[in-house]
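For reference, the structure is listed below as structure tokens.
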There are 2 protein chains.
Amino acid sequence: MKELNDPDLLEHYLGAYEIESIFNEDLRPYLALYRYDHGELICSQGDPYDYLYVLVKGKLKIFTTSPEGKTLILSFKTPLDVVGDIEYVQNTEIINTVEAVSEVHMIAVHHRYLKKFASDHTPLLKFLLDVITQKFYVKSSSLSFNLLYPVEVRFASYLLSVCFDESDALYSGKLSTGALIDAANLIGTSYRHLNRVIQHLSQEGLVERHKGFIVVKDRNGLSKLANHKNIYE
Amino acid sequence: MKELNDPDLLEHYLGAYEIESIFNEDLRPYLALYRYDHGELICSQGDPYDYLYVLVKGKLKIFTTSPEGKTLILSFKTPLDVVGDIEYVQNTEIINTVEAVSEVHMIAVHHRYLKKFASDHTPLLKFLLDVITQKFYVKSSSLSFNLLYPVEVRFASYLLSVCFDESDALYSGKLSTGALIDAANLIGTSYRHLNRVIQHLSQEGLVERHKGFIVVKDRNGLSKLANHKNIYE
DNA sequence: TATTTTTTAGGACATATGTCCTTCCCAACA
DNA sequence: TGTTGGGAAGGACATATGTCCTAAAAAATA
């Protein structure tokens with residue numbers, strides 16, 4: 001982790017995402033911009049709560065580790081998103097572990113100053129409300145989807161979400177082999193089983209295995225299989 | 001559904017739950033108190049969004065129905081809780097179906113007046129923020145729990161939550177047979193499988209089957225099985 | 001009381017998923 | 001060039017769970 005002492009860049013992000021109003025004047029001096037590299041942890045579950053972060057560049061992975069040591073990926077995040085919002089409101093320790101997947105820039109504010117200067121700041125409250133309701137909605141859909149459908153369907157949905165994201169270099173309907181472990185953890189199954197499912201999808205002609213990656217062959221077929229739902233957006 | 005024209009009762013609820021400050025003076029004339037009887041629907045998924053409700057008496061069941069016709073119970077709610085908060089913030093149609101399990105009293109406000117008189121009312125915003133973060137937290141735990149543990153563990157946790165609720169007539173560690181279908185839908189499994197699990201728990205001496213209900217025999221054992229987690233609170 | 005309907009428990013079988021382990025392949029390296 | 005180590009795919013087997021159907025019991029009804 002490295003603090004970027006670059007007020008212009010900070011300004012730029014605030015402007016680009018139209019979030020100037022969220023942080024009022026009193027708060028501005030306490031905004032910091034941090035950079036994290038691939039693989040770095042921003043915070044870990046159980047840590048005491050310190051900062052509210054706003055993700056303005058890069059990609060984050062949010063996951064939890066069970067007492068038995070299993071990893072469950074809860075989501076991937078891209079700008080604009082917020083980390084530590086639930087903890088800020090509830091005043092609890094960090095719930096999940098957050099890791100940088102790529103180079104990441106985050107605006108950070110210590111909760112001390114948030115409480116002091118912005119606990120009644122309407123734009124911030126509204127912003128948080130908006131972000132958190134969205135999170136809730138996604139989580140709720142995700143829960144239903146996971147309980148109601150088997151891995152094959154979930155993976156189809158996942159593939160559609162991940163492989164056709166324009167903002168990503170690998171939007172071309174491909175998924176690197178290495179990403180399969182993450183995929184398995186995200187949809188809550190084992191790597192072994194995911195392989196089985198891929199084999200099946202492959203027999204159906206929906207995807208194809210190549211060296212180093214798999215590629216979507218029949219986007220419509222997958223979409224049909226996934227009930228036209230993209231819950232991993 | 002019936003509107004209760006009882007300003008005193010309304011006042012009583014506002015006082016009892018300390019939520020007077022949430023609804024400011026402008027809003028007060030537009031607060032209504034509704035009564036629903038067992039089995040009545042408050043709203044159904046897909047309905048246009050109209051009211052924000054505050055549950056002040058009774059018990060609600062929140063569920064969703066999949067395109068395939070499967071029912072998944074998302075939660076049971078008791079006072080103090082809010083219905084329609086997510087929809088209000090996101091301005092979307094009703095997400096889930098809400099049904100009264102017992103006689104229910106709810107304070108209702110049309111979103112028209114909320115937007116008009118309270119869209120910047122800090123106490124309301126904070127209240128919503130608090131309620132929704134709690135919902136998110138519960139939902140998030142629930143998702144992890146469901147993906148990480150088998151039905152046996154989930155049911156153990158469910159039993160502990162439901163059977164030992166002091167405010168309920170059946171707190172004595174019993175669960176009526178009829179409630180098993182709901183239980184199955186809540187933890188996202190089939191009635192058939194739940195029966196299998198109960199049989200197993202019964203062999204282990206953790207619960208016992210009686211005519212018309214099952215009863216918890218070894219609360220500690222169940223708690224251990226459930227990893228000491230009560231996610232259905 | 002006899003008959004029908006509903007509720008409840010479980011049998012039989014198929015599918016979904018997990019765990020452990022092995023094999024194969026390719027790249028890094030001695 | 002041969003060796004080694006790690007990643008990737010999948011075999012074998014056990015467990016978890018779903019679907020469909022049946023049997024027993026209880027409740028409702030004729």
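Naming convention: chains lettered A, B, ... in sequence-line order (proteins, then strands); numbering from 1 in each chain.
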Residues B:Tyr51 and B:His111: side-chain donor-acceptor under 3.5 angstrom:
no
Is the closest side-chain heavy-atom distance between A:Arg35 and A:Glu103 below 4.5 Å?
yes
Does the side chain of A:Glu87 pick up a donor-acceptor pair with the side chain of A:Thr92 at under 3.5 Å?
no
End-to-end axis angle, where each axis spans five pairs of the helix from C:dT1-D:dA30 to C:dA30-D:dT1, to 10°:
10°
Does B:Lys2 count as lying over the ring of B:Tyr34, i.e. NZ or CZ under 6.0 Å from the six-ring centre, within 45 degrees of the axis?
no
What pairs of nitrogen or oxygen atoms, one from the protein and one from nucleotides 14-16 of chain D, lie under 3.5 Å apart?
none

With sugar-phosphate meaning primed atoms plus P, OP1 and OP2, does B:Ser190 contact a base, only sugar-phosphate, or nothing at under 4.0 Å between heavy atoms?
base
Just checking, any donor-acceptor pair under 3.5 angstrom between side chains of B:His38 and B:Glu40?
no
Ring of A:Phe76, cation from A:Lys59 - is the NZ or CZ under 6.0 Å from the centre and inside 45° of the axis?
yes
Hydrogens and angles aside, do A:Glu68 and B:Tyr149 bring a side-chain donor and acceptor to less than 3.5 Å of each other?
yes
Are OP1 or OP2 of D:dA26 and a side-chain N or O of B:Lys211 less than 4.0 angstrom apart?
yes
Could you run down nucleotides 7-13 of chain D 5' to 3' and tag each one B, S or - for protein heavy-atom contact under 4.0 Å?
-SBBBB-
Is it true that the NZ or CZ of B:Lys174 lies under 6.0 Å from the centre of B:Phe213's six-membered ring and within 45 degrees of the ring axis?
yes
Exam field: side chain A:Arg209 to backbone A:Ile214, donor-acceptor pair closer than 3.5 Å
no
